[in-house]
Novice: 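Mind looking over this structure? Questions follow.
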Amino acid sequence: MLAESLNPLDLPLAEGLYERGWVVVPGFLSPQEVTALRVELVERSLRAELTPAGVGQGDEHQMDRNVRRDRTRWLEGDTPAQQHFLARMEQLRLAINRRLFLGLFDLEAHFAHYPPGAFYRRHRDAFRDSDARVVSAVCYLNEDWQAGEGGELVLWPQPRSRTVAATVLPQAGTLVCFLSEQVPHEVLPTQRDRYSIAGWFRRNTSIDGRVDPAG
Ligand code: OGA
Ligand code: MN
C-alpha cells in the first residue's frame with residue numbers, strides 16, 4: 001500500500017482546501033497532545049513570555065489594540081511537546097503538497113493567548129505577491145468550549161464576501177486550515193482565556209539561497 005493512502009485525513013483536507021478554500025478537522029490533535037501544548041502555553045503565559053501581537057510586516061509593523069488583542073510567542077521547537085506538534089505539522093505539509101502541489105516550503109507558528117475581552121478583527125493572513133504565507137493552520141487547545149463563551153473563529157469564503165462561510169468554536173483538538181490569501185476571518189471577542197497555535201505554511205521566497213526571515 002502506498003504511504004499516502006494511510007492517513008485518512010489527507011483527502012478530505014485537501015478537497016476542502018481545493019474546493020472551498022477552508023476546512024475544519026475536529027480531533028486533529030489527541031487529548032494528550034492538546035494537554036501537553038496547553039500546559040506549556042499556560043506556563044509561558046504566566047511567566048509573561050508572550051507579547052502583544054502586532055499588525056503588518058516590516059516597517060508597517062505596529063501594535064493596534066483596536067485590531068487585535070492576543071499575545072503570542074513563536075514556537076522554536078525547544079520542548080518535546082513543540083517538537084511533536086511540529087512533526088505533525090510537517091506530515092500535514094507533505095500531505096497537502098502531495099495532493100495540491102502548493103509547494104509549501106516551511107512553517108512558522110506561534111502560541112496565542114486571547115485573554116477575556118480579546119479579539120482579532122476581520123483580516124486576511126496574506127496578500128498576493130507581498131507575503132510568503134500560503135496556507136494558514138490554527139489548532140485549538142481549550143477544553144469544553146461552550147457556545148456563548150465567544151471566541152469563535154468566523155470565516156468568509158472570499159475576500160469580498162459578506163455571507164459567513166463558517167463559525168468555529170475553538171474546541172480542544174480542532175484544526176482549521178484555509179488559504180491565507182483567499183479567506184477573510186475574524187476572532188470574536190472571547191469571554192474566557194482562549195489558547196491556540198496559529199501557523200502558516202509558506203512558499204520559498206528565498207533569493208540567492210537566503211530564506212526570508214519569519215515575519
Ligand atoms: C491569526 C488568526 C485565528 C484564531 O492569528 O492570524 O487569525 O482562531 N487566528 O485564533
Ligand atoms: Mn489570521
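Every heavy atom of this structure was used, including side-chain atoms; hydrogens, water molecules and symmetry mates were not. Whatever order the structure lists them in is the order used to number ligands and atoms, beginning at 1.
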Novice: Does the distance from a Lys or Arg side-chain N to an Asp or Glu carboxylate O, for R44 and E76, drop under 4.0 Å?
Specialist: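 No, R44 and E76 are not salt-bridged.
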Novice: Here's a test for you: under side chain to side chain donor-acceptor pair (under 3.5 Å), which of H123, R124, R122 qualifies with H185?
Specialist: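 Output: one option passes, namely H123.
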Novice: Answer side chain, backbone, both or neither: which part of D125 comes under 4.0 Å from ligand 1, heavy atoms only.
Specialist: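 The part of D125 near ligand 1 is the side chain, not the backbone.
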Novice: Give a yes or no on this: more than 12 heavy atoms of other residues, nucleotides or ligands lie within 6.0 Å of atom OH of Y18.
Specialist: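 Atom OH in Y18 is not crowded, with 12 or fewer foreign heavy atoms closer than 6.0 Å.
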Novice: Is there a donor-acceptor pair under 3.5 Å between the side chain of N204 and the backbone N or O of F105?
Specialist: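 Checked: no pair found.
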Novice: Quick check: does Y140 get an N/O under 3.5 Å from an N/O on ligand 1?
Specialist: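 By distance alone, the answer is yes.
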Novice: Just need the protein heavy atom nearest to atom 9 (N) of ligand 1, so name the residue and atom and give the distance.
Specialist: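 The protein heavy atom lying closest is Y114 OH, 3.9 Å.
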Novice: Looking at ligand 1, does E186 have a heavy atom less than 4.0 Å from it?
Specialist: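 Checking ligand 1 against E186, which is what was asked, there is no heavy-atom contact under 4.0 Å.
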Novice: Which residue supplies the protein heavy atom nearest to atom 10 (O) of ligand 1, what is that atom called, and how far is it?
Specialist: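 The answer is R194 NH1, 2.9 Å.
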Novice: Any donor-acceptor pair under 3.5 Å linking the side chain of S180 with the backbone of D125?
Specialist: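 Between the backbone of D125 and the side chain of S180 there is no qualifying donor-acceptor contact (under 3.5 Å).
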Novice: Hey, does H185 come in under 3.5 Å of ligand 1, counting only N/O atoms on both sides?
Specialist: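 Yes, there is a polar N/O contact under 3.5 Å.
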Novice: Dump the intermediate steps for side chain to side chain contact (heavy atoms under 4.5 Å, CB included) on V164 and W156, then the final yes or no.
Specialist: CA-CA 5 Å; V164 166; W156 287 266; 3.6 Å; yes
Novice: Following the transitive rule for hydrophobic clusters with a side-chain heavy-atom cut-off under 4.5 Å over Ile, Leu, Val, Met, Phe, Trp and Tyr, establish whether V42 and I197 coincide in one cluster.
Specialist: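 Yes.
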Novice: Which atoms of ligand 1 sit under 4.0 Å from any heavy atom of V138?
Specialist: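 Matching atoms, with element in brackets: 4 (C), 8 (O), 10 (O).
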Novice: Distance to 0.1 Å, residue and atom name: give those for the protein heavy atom nearest to atom 3 (C) of ligand 1.
Specialist: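 The closest heavy atom on the protein side is V187 CG2, 3.6 Å.
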Novice: Kindly indicate whether the side chain of E33, heavy atoms from C-beta on, has any atom under 4.5 Å from the side chain of F85.
Specialist: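 Not touching, per the 4.5 Å side-chain cut-off.
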Novice: I would like to know whether S196 and V187 meet side chain to side chain contact (heavy atoms under 4.5 Å, CB included); could you show each step before the answer?
Specialist: CA-CA 12 Å; S196 59; V187 179; over 6 Å; no
Novice: Given that the side chain starts at C-beta and the backbone is N, CA, C, O, which of these parts of Y195 lies under 4.0 Å from ligand 1, counting heavy atoms, or is it both or neither?
Specialist: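 Contact part for Y195 vs ligand 1: neither.
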Novice: Count, excluding waters, the protein N, O or S atoms that are closer to the Mn ion (ligand 2) than 2.8 Å.
Specialist: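 There are 3 of them.
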Novice: Of all the non-hydrogen atoms in the protein, which one sits nearest to atom 1 (C) of ligand 1, and at what distance?
Specialist: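 Looking only at protein heavy atoms, the one closest to atom 1 (C) of ligand 1 is Y120 CE1, 3.7 Å.
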Novice: Could you tell me whether the side chain of N142 and the main chain of R194 form a donor-acceptor pair under 3.5 Å?
Specialist: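 A pair under 3.5 Å: no.
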Novice: Checking the side chain of Q83 only, and the main-chain atoms of G77 only, is there a donor and an acceptor separated by less than 3.5 Å?
Specialist: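 Present.
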Novice: Tell me whether the count of non-hydrogen atoms from other residues, nucleotides or ligands lying under 6.0 Å of CZ in R65 goes above 12.
Specialist: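 Counting neighbours around CZ of R65, 12 or fewer heavy atoms of other residues, nucleotides or ligands fall under 6.0 Å, so no.
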Novice: Do any nitrogen or oxygen atoms of D70 come within less than 3.5 Å of a nitrogen or oxygen of ligand 1?
Specialist: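 Checking ligand 1 against D70, no N or O pair falls under 3.5 Å apart.
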Novice: Just to check, does W200 reach to within less than 4.0 Å of ligand 1 when the distance is taken from its heavy atoms?
Specialist: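 Distance cut 4.0 Å: W200 passes for ligand 1.
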